Amino acid sequence: MTVSIITFVIILLIFLSSLNISGMSTVNKDISAGGDFIVKSNNTIYTTENEVFFMNESIIPEIENITGVEKAIPFKETYFDEGVFSYMIRGVTSTTLKDTGTKIIEGKFPSNNNEVLIGRYVASDLDKNTGDSITIHNKTYIVSGIFGGNYQMDFEVFMLPEALNKTTTPIDLEDIELVVVHVKNGSNIENVKNSVEELHKGKIVAISNVNESEEYKISYESINTITNYLSLSAMIFGSLLLFYVMLSSVNSRVRELGVLKAVGWSNNQIITMIIGESMVISGITWIIGAIISVLLIEYIFPNILFLDIVWDIWIFIKALIIVIIIGMIGCLYPAYKSSKISPTEALRYE
Amino acid sequence: MDEIISMNDVTKSYEKGNIKALNGVNIRIDEGDFVSIVGPSGSGKSTLLNMIGALDKPDRGHVKVAGQNLLENENLSKFRAEKIGFIFQLHNLIPTLSVRENVEIPMYSQKIDSKEMKKRSFELLDYMGLKNRANDNITKLSGGERQRVAIARALVNKPSIILADEPTGSLDSENGIKVLNILKKLHDDENVTLIMITHDQQIAKMANHIIKMKDGKIIS
């Protein structure tokens, strides 16, 4: 049972660490939405009404005039609710589709304002296929196709910009939610990003990875914190469990330990034996835990969490170090106790 | 004959002095001797053996074994590994190990290489008539066979002194005689010093000398 529980601890550690790394990698890949970076308003919940800034069409030529920018693609968006979920609706043309980093995997691009292209995760969530109808803001559309290829946008619905303008949800037609920027070959992306942000200093932000977005960073730091707390709890629990098991083992082998001392084993040899047994348990749990977690990650990440798998050897090394620590903490007192057994008393032990 | 064991005025108490296991014991045992220790239960026989075997230390007095003053020796486990072979009444073999592995246990304290360990253990098991059972688990052996394995374990580090605490106490008469014959043969062939505790007067008479104990004292 001890092996099972500590194995579960290892599986948890490896799975959560991989989730962090793979999740961050997937989002980093998709965050620039097919371009080199995106530009968003820097409005937060703390932005006052006077300071709030909305991008409009005029920002496109501003960005495209910056040295190093090849093109800037604007995207307007709104959202609709289905059950407990909200899905973004984005105005996209057949030309700007590739700028989203997605491609059509089934069906075709909408040919009129009554058709929509849905992301693969929307399709699976709402159980929709090409040709099905979907109701958005009390209007029925036909699903012309399904797209995929960008983790974030695969949760969205695309329609022609004119169709978006006609949705019943009030929308400021001048607002641009997102600009996807492509940088010219040979230009330094960081310099271009800085130049873009200078256009409206403090009001817009250029993002190409998670750490540059407060919104994404908060989510991932939360996951990281939860992972660390779970890891620490798992370590403490694992150590206590192993301590109990090793102590019980020593108590049940008093006579045997007395014999070892009687035939000439030193205290150090007995301590080494107990620590060795603990390390064997730790090693076995690490191997089994690593194998099971690899199998789980191979299935769950792409099929359920829709994440790309990023393998990092340090996750497994970290888990090994943790399991060794658990083994050492768990066996220290039992090893000490075993060395203090008096051989004469031990040999009389029933 | 050289003296191999000497004890001068050795006293040992337990239970905060309420039980006097040894009370001013003086003995001399020569190298190569075969000595039986007899006496009623609680007379101090096992305590005397534990003192000789460096498993315990006296409250008072001196114990010198194989030229070493045990009270001054800081590394008694090493001393036991090199000089002493123990045979217990209940054999005390480790049930999760095989016959050969049990015999090899004392050699781990001497850091002997695995080839030599295997060679010695097989030689001894052959001597005991158990070579074919070397890889069997201990639990598959009879009581007499297990005690022979215990004797092999006691001899594996080539000790100069064998201490046997009621070696036939848990055996039937047939197996008991077999074990005693092995011990006698060992004593005769290898000239080890053999000290044996027994309740049986007939067995005691097999020895060269008999020490009688009562109430922690040697009475003859």
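On a predicted model such as this, the values are computed, not experimentally measured, just so you know. What you see below is based on every heavy atom in this structure, not just the backbone, and it leaves out hydrogens, waters and symmetry mates. Numbered from 1 within each chain, the chains take letters A, B, ... in sequence-line order.
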Original post:
So what's closer than 4.5 Å to chain A heavy atoms on B:L93: side chain, backbone, both or neither?
Top reply: neither
Subject >> Check against side-chain contact (heavy atoms from CB on, under 4.5 Å), B:I94 and A:L260 >> reply: CA-CA 10 Å; B:I94 296 174; A:L260 293 177; 4.1 Å; yes
Subject >> Interface moiety of B:N92 toward chain A, non-hydrogen atoms closer than 4.5 Å >> reply: both
Original post:
Under the 3.5 angstrom rule, does the side chain of A:W265 hit a backbone N or O of B:I105 as a donor-acceptor pair?
Top reply: yes
Original post:
More than 12 heavy atoms of other residues, nucleotides or ligands under 6.0 Å from CG of B:D189: is that the case?
Top reply: yes
Original post:
Considering only heavy atoms, which portion of B:F86 lies under 4.5 Å from any heavy atom of chain A: side chain, backbone, both, or neither?
Top reply: side chain
Original post:
Can you check whether A:E256 reaches B:L97 side chain to side chain, under 4.5 Å on heavy atoms?
Top reply: no
**OP:** Evaluate whether atom CZ of A:F8 has more than 12 neighbouring non-hydrogen atoms of other residues, nucleotides or ligands under 6.0 angstrom away.
**Re:** no
**OP:** Check each atom of B:I84 against the heavy atoms of chain A and say whether the ones under 4.5 Å are side chain, backbone, both or neither.
**Re:** neither
**OP:** Find the distance between OH (B:Y14) and OG1 (A:T344) and round it off to the nearest 0.5 Å.
**Re:** 5.5 Å
Subject >> Gap between atom CZ of B:F88 and atom CZ of A:R255 - 0.5 Å precision >> reply: 9.0 Å
Original post:
B:P95, B:S109, B:G85, B:A81: which one forms the most heavy-atom pairs within less than 4.5 Å of chain A?
Top reply: B:S109
Subject >> Per-residue contact mode, B:F79 against chain A (heavy atom under 4.5 angstrom) >> reply: neither
